[in-house]
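Read through the structure below, which is laid out as C-alpha cells, and then see the notes.
All heavy atoms count here, side chains included; hydrogens, waters and symmetry mates do not. Every chain is numbered from 1, with letters handed out A, B, ... down the list of sequences.
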There are 2 protein chains.
Amino acid sequence: MGKADIYEVARAAGVSISTVSRAFTRPELVSAKTRRKVLDIADKLDFNISRSATTLKSGRTNRVAMLMNEEITSWFNTQTFAGIESVMHPAGYDISLFQHIDTERNRDEFFTDLPIQRNVDAVFVASFAIDPHEVEQLRRIHVPIIGINTPSVDGFDASISIDDEKGMYTATQHLINLGHRHIVYPCSEASLLNSSIDARTRGFIRACEDAQGKHDLNWQVLSVPRGPAFADSALSALLALDEFPDSICCQMDMMAIPLVIKLGRYGHLTPRDYSIVGFDDSPNADTINLTTMRQDPYAMGRTAATKALKLIEGEPLTNAHEVVEAQFVPRGTDMPFGGAQ
Amino acid sequence: MGKADIYEVARAAGVSISTVSRAFTRPELVSAKTRRKVLDIADKLDFNISRSATTLKSGRTNRVAMLMNEEITSWFNTQTFAGIESVMHPAGYDISLFQHIDTERNRDEFFTDLPIQRNVDAVFVASFAIDPHEVEQLRRIHVPIIGINTPSVDGFDASISIDDEKGMYTATQHLINLGHRHIVYPCSEASLLNSSIDARTRGFIRACEDAQGKHDLNWQVLSVPRGPAFADSALSALLALDEFPDSICCQMDMMAIPLVIKLGRYGHLTPRDYSIVGFDDSPNADTINLTTMRQDPYAMGRTAATKALKLIEGEPLTNAHEVVEAQFVPRGTDMPFGGAQ
DNA sequence: TTGAAAGCGTTACCAG
DNA sequence: CTGGTAACGCTTTCAA
C-alpha cells in the first residue's frame, strides 16, 4: 500500500478517481497523455492500487488453497507447489498453503474451519486420501477442487494423477524379467493418508502374483515404521534376512538411495550383488546411478493449475481427469541375474 | 466465498448484519444464544466472512512477499519458505512468492512493478545481493523489509543472517589443523547474486592466507561454471589436477555429496585418501556420513517471520539484526593427514 | 446486547 | 476520453 490514496492522486493530476483507476487497470481507455501524467504523479506519491479493494469489487479473491500431507519441504510437495506457483503467480494468484492435513486432529480442524477461515478461488488437494465426506465439506465453499494424485476423483472438478500402481508394476516386472527371483519390497508403513504409497505397494504385489505362476518367486513386502529413520530400519531388516535378496524394489528413491549407499558398507554392492530400482527420480538418484521410475510432480502441478485457471474462468475442460504414466529410467543399478561377467 | 451473503444470513436469523459480523469476529460481544443461531444458519447457508472485505476495511492485506534467487525448489529456499510459512500462516498471512529475482531482466521488472502489482504487509528478501537502489525502491511500499542472508543490512528493518564467512573459515581451519596441506575449494562461479556463496569463498581464502605463514600450504579455488552440471565439472577439474589434493573444502553439500560418491568410482576414497567437508548439512549429508557445517534455514525463516509480525504490529524489536553461526558437524569424511592406520 | 449507518478503495455503468 | 456515482461485503462507532 502506498502512502497516498486515489483521491489525492486524482486531485494532484486534475482528474477524477475513475481516470486514475483506469490509468492503472484499463490503460487503453485513457489518453496517453493523461495516463502518463497520472502514473507519474502516482509514482511520486507512492500510490498504488489496493488489491483488497479490487478483489472485493471483483468478487475474486486471487488466492487459491493447496492442501498437502506432511511438509512442503518434501520433494514431491515442493515440486508440485512450484509447478502450481509457476502458473498461478503470473496469473495473479497467491497460494495459501495448508500443510500436515494428515493427522486426525489437523484434518478435523481443517475441514471444519476452512470455509470460514479463508476465501479462495480454487482448492488443490495433493496426494492424500481425502475421504468422500471431506470432499463434500470442501465442495461447500463452491469453488473448483483439483486433485493431484488423489485416490479417487469423485467430487473433484479436475485432477491429474500418476499411475503409481502401473509404474510399480512395471518396475517389478523389469526385475523379474531380468531373472531375479528373490525380490524384497522395503516400504514405510502405509499412512492411510498417502494414496501413492498404497498404490505402489499394490503394483508390486500384483506384479509378483502375476508372475508367480510362471516362476518360482520368493517375494516379500518388508514394512518398516514411518519416521525419519525409515531407511535405516529397512537397512536393518534387510540385513537381518536369512538370505540376502537378489533384488530390491523400492517404494521411492528416498528409500533406495540410502540403501544403495549403506548396503555398500556391508559389502552388498549393486549391481554386482543385487539389482535395485527406485521410484520418483528424485535428487541424487542420478548421482548414485539409480535405475528408477520417473515422475514429474512439477509438470503435474502445472497441469493442475492450468485446469484450475480454466475452471475459475468458467471455461469447459476437454479432459478434466488425466492420468500420466511413470517413465522407466534405466541406469546402472540393475543387471540380469547372475549376469556379471 | 459461500453462496449466501451477510444479508441473507441476517434475515434468516432475524438479526442485523452487524450481529452476524460480530458472531464471527467478535463472538464475545454477542449473546451465546444469538451467536449459535447465527452460526448455525450461516453454516446451513454456506456463508462465511469475506476476507477481501475484511482486509479492505482493516487496511491490512494479510499477505507478505518473499523474494528469492532461483527456484523455491532449492534446499535453502524451501527450508526458509517453510520456516516463514510456519509462523505466518497461523497468524493469518499468505505468502506471495517472487522467484528468480536474479536475472537482470527479472530484477528490473520486479523492482519496477512490485509496488503497483501486489500489496503486502511485509517483504522478505532471501539470500541475494540486492543493491542499495533496489532497497530504496522496496522501501517505497512503506512496509517492513526483512532480510535473510543479505550482504548488507542497510535499509532493512530487520534481518537474520548466517555468518557464512566465519563458518567456512572454521571448516577450512579444521582441515588445516588435521594436517592437510593441499586443499582445493571447488565452487561454482559466483553469481554476484548469492551473497552466501561469495562470503564462503572469502572465508576459505582468509583461512588459507592466515595459515600460510605457519605452514607451507598449497591451496586453490577451483571455479567451475554454474548450472546443473556444476558437480560433474568440479569432478573433472579435480581429476585433471597434476596431484590429487589431500583435502577438499566444499562450498556446499550439494557439491560435496556427488563428489564423495563419484570420486569413489575413480578410486579416491574418503577418509582413506582425502578429507572432505561440506557446508549446509542438507539432505543425504548424513547418509554419506559427510562432515559438514550445519545451518538451519528453517529456523532462520521462523526468526525472520517472528520479527516481521512484530514490525507489522508496530512493536519495537530488541535486536533487529541477528547473526547466527554455522555449527560444525563432525562425521566420517575427515581424518588427520596420513592418519589412517 | 443489538441495530443503523458511515466508510474502507476500488470498479463499472451511465452520461456527457 | 472523462467524470459522477452506486455498489462490492464487511467492521465499527454511536445510539438505543
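A close approach under 4.0 Å does not occur between any side-chain nitrogen or oxygen of Arg60(A) and OP1 or OP2 of dC8(D). Distances shown here put every side-chain N or O of Ser50(A) at or beyond 4.0 Å from the OP1 or OP2 atom of dG9(C). At dA12(C), one or more side-chain N or O atoms of Arg26(A) fall inside 4.0 Å of OP1 or OP2 (strictly under the cut-off). Within the 4.0 Å cut-off from OP1 or OP2 of dT10(C), not a single side-chain nitrogen or oxygen of Ser52(A) is found. For the pair Thr54(A) and dT11(C), the criterion of a side-chain N or O lying under 4.0 Å from OP1 or OP2 is met. Neither OP1 nor OP2 of dT11(C) sits under 4.0 Å from any side-chain N or O of Ser58(A). Taking 4.0 angstrom as the limit, Ser21(B) places a side-chain polar atom (N or O) nearer than this to OP1 or OP2 of dT11(D).
Of the possible donor and acceptor atoms, one in the side chain of Arg139(B) sits under 3.5 Å from a partner among the backbone N and O of Gly155(B). Listed for the Gln79(B) side chain is no donor-acceptor partner under 3.5 Å among the backbone atoms of Phe76(B).
Of the listed nucleotides (dT11(C), dG3(C), dC10(D)), dT11(C) has the atom at the smallest distance from the side chain of Ile49(A).
Using a 4.0 Å heavy-atom cutoff across all strands shown, Thr34(B) reaches sugar-phosphate atoms only and no base atom. At a threshold of 4.0 angstrom between heavy atoms, the contacts of Val20(B) with the nucleic acid are absent. Looking at heavy-atom distances under 4.0 Å, Thr25(B) makes contact with sugar-phosphate atoms alone, never a base. At a threshold of 4.0 angstrom between heavy atoms, the contacts of Ser18(A) include nucleobase atoms, whether or not backbone atoms are also involved.
The separation between Glu28(A) atom CD and dC1(D) atom P is 10 Å, rounded to whole Å. In this structure, CZ of Arg51(B) is placed 12 Å from P of dT11(D), rounded to the nearest angstrom. Whole-Å rounding puts the Arg22(A) CZ to dA12(C) P distance at 10 Å. dT11(D) atom C1' lies 14 Å from atom CG of Asn62(B), rounded to whole Å. Rounding to whole angstrom units, OH of residue Tyr7(A) and P of dG9(C) are separated by 9 Å. Here dT13(D) presents its P atom at 15 Å from CD1 of Ile17(B), a figure rounded to the nearest Å. The nearest whole Å value for the distance from the CG atom in Asn119(B) to the C1' atom in dG9(C) is 11 Å. Distance CD1 (Ile6(B)) to P (dG9(D)): 10 Å, rounded to an integer number of Å.
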Go through it in stages, so that I can follow the logic: the residues are Phe47(A) and Tyr7(A), the test is ring pair (Phe, Tyr, Trp, His ring centres under 6.0 Å), and I'd like the CA-CA distance, side-chain angles, deciding distance and then a yes or no.
CA-CA 10 Å; Phe47(A) 167 80; Tyr7(A) 292 94; over 10 Å; no
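Between Phe81(B) and Phe81(A), the two ring planes are tilted [angle within 30° to 60°].
Of the two residues near DNA chain C, Leu56(B) and Arg35(B), the one whose nearest nucleotide lies more 5' is Arg35(B). Between Lys57(B) and Ser31(B), the residue whose closest nucleotide on DNA chain C is further toward the 5' end is Ser31(B).
Centroid-to-centroid, the aromatic rings of Phe98(B) and Phe111(B) stay 6.0 Å apart or farther.
Lys307(B) has no carboxylate O lying under 4.0 Å from a charged side-chain N of Asp157(B), or vice versa, which leaves the two without a salt bridge.
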